[in-house]
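Below: the structure, in structure tokens.
Whatever order the structure lists ligands and atoms in, that order sets their numbers, starting from 1.
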Amino acid sequence: MIKIVDSVVAIDGFSSCGKSTLAKELAKELGYRFIDSGAMYRACTLYFLDNGVDINDIDAVTAALNFIHIEFQNIHGYNATILNGKNITSEIKSLRVANQVSEVATIKVVREQMVKLQQDMGKQKRIVMDGRDIGSVVFPKAQHKFFIIADVDIRVQRRHNELTTKGKTVSVQDVKKNLEHRDHIDSTRKESPLTRTPSHILIDNSYLTRGEQLMVALKHIKAKDRTLVA
Ligand code: DC
């Protein structure tokens with residue numbers, strides 16, 4: 001039997017590329033905690049919206065950060081995002097939050113606070129975290145780093161299916177426009193843009209099933225762990 005070393009697994013990639021699906025499944029397989037770092041930026045966005053915090057006013061944003069407490073709790077088997085004691089898991093998926101979060105995620109003080117929190121969560125290792133800067137900034141020394149990509153039209157189709165399954169009426173063109181806009185902000189912003197480091201393992205899941213994607217990642221983890229325990 002292969003010994004799995006206690007590690008941090010970092011998973012980065014563009015929106016709707018399947019990285020959180022992989023992160024959740026890997027966490028389950030390895031018995032690790034799954035942390036959705038995007039949910040933390042979404043939680044900050046929700047707080048700013050609900051409390052009328054002007055995101056262009058850095059002093060107001062900095063002051064508001066003192067009142068933001070984010071944690072994750074396992075509620076009936078799913079990973080709930082808790083903001084100041086309230087379960088906001090569904091609320092942070094709303095369009096209201098989605099439309100603002102990319103801007104919020106460009107704010108330096110917000111990123112500094114979230115990164116610190118994420119690093120604290122990873123102190124005990126045994127964690128799978130997905131996001132944009134996990135392998136480059138949050139855990140540059142993570143034992144395992146994956147960078148997930150998929151063809152843009154396939155990502156658009158997946159996102160469109162996800163929205164229509166939830167009963168939302170939206171055109172494929174609008175989904176594509178929104179996705180490309182978010183890709184642009186995420187990869188060109190000044191603070192911690194989405195970056196693939198030389199130590200990220202690239203997985204293109206355009207034509208992989210979920211199960212195949214999981215197998216590919218597990219194969220890499222086991223192969224690397226063999227060298228770590230050797
Ligand atoms: O993965 P997501 O769509 O929930 O992320 C929401 C936003 O937060 C998205 O604009 C990218 C940003 N984000 C980030 O800048 N850094 C992270 N580690 C995770 C998400």
Short question: side chain of Q73, backbone of I82 - any donor-acceptor pair under 3.5 Å?
no
Any side-chain heavy atom of Q119 sitting closer than 4.5 Å to one from V138?
yes
N or O contacts of ligand 1 with protein under 3.5 Å, please list pair by pair.
| unit_1 | atom_1 | unit_2 | atom_2 | d |
| --- | --- | --- | --- | --- |
| ligand 1 | 1 (O) | R132 | NH1 | 3.0 |
| ligand 1 | 1 (O) | R132 | NH2 | 3.3 |
| ligand 1 | 3 (O) | R42 | NH2 | 3.0 |
| ligand 1 | 4 (O) | R42 | NE | 2.7 |
| ligand 1 | 4 (O) | R42 | NH2 | 3.4 |
| ligand 1 | 10 (O) | S102 | OG | 3.0 |
| ligand 1 | 10 (O) | D186 | OD1 | 3.3 |
| ligand 1 | 15 (O) | R111 | NH1 | 2.8 |
| ligand 1 | 15 (O) | R111 | NH2 | 3.4 |
| ligand 1 | 15 (O) | R189 | NH1 | 2.8 |
| ligand 1 | 15 (O) | R189 | NH2 | 2.9 |
| ligand 1 | 16 (N) | R111 | NH2 | 3.0 |
| ligand 1 | 18 (N) | S37 | OG | 2.9 |
| ligand 1 | 18 (N) | R132 | N | 3.3 |
| ligand 1 | 18 (N) | D133 | OD1 | 2.8 |

Do E91 and K86 have side chains that get closer than 4.5 Å, going by heavy atoms?
yes
Within a 6.0 Å radius of atom CZ on R210, are there more than 12 heavy atoms belonging to other residues, nucleotides or ligands?
no
Quick one: OG1 on T195 to CZ on R132, what's the gap to the nearest 0.5 Å?
12.0 Å
Would you say L218 and L30 make side-chain contact, with heavy atoms under 4.5 Å?
yes
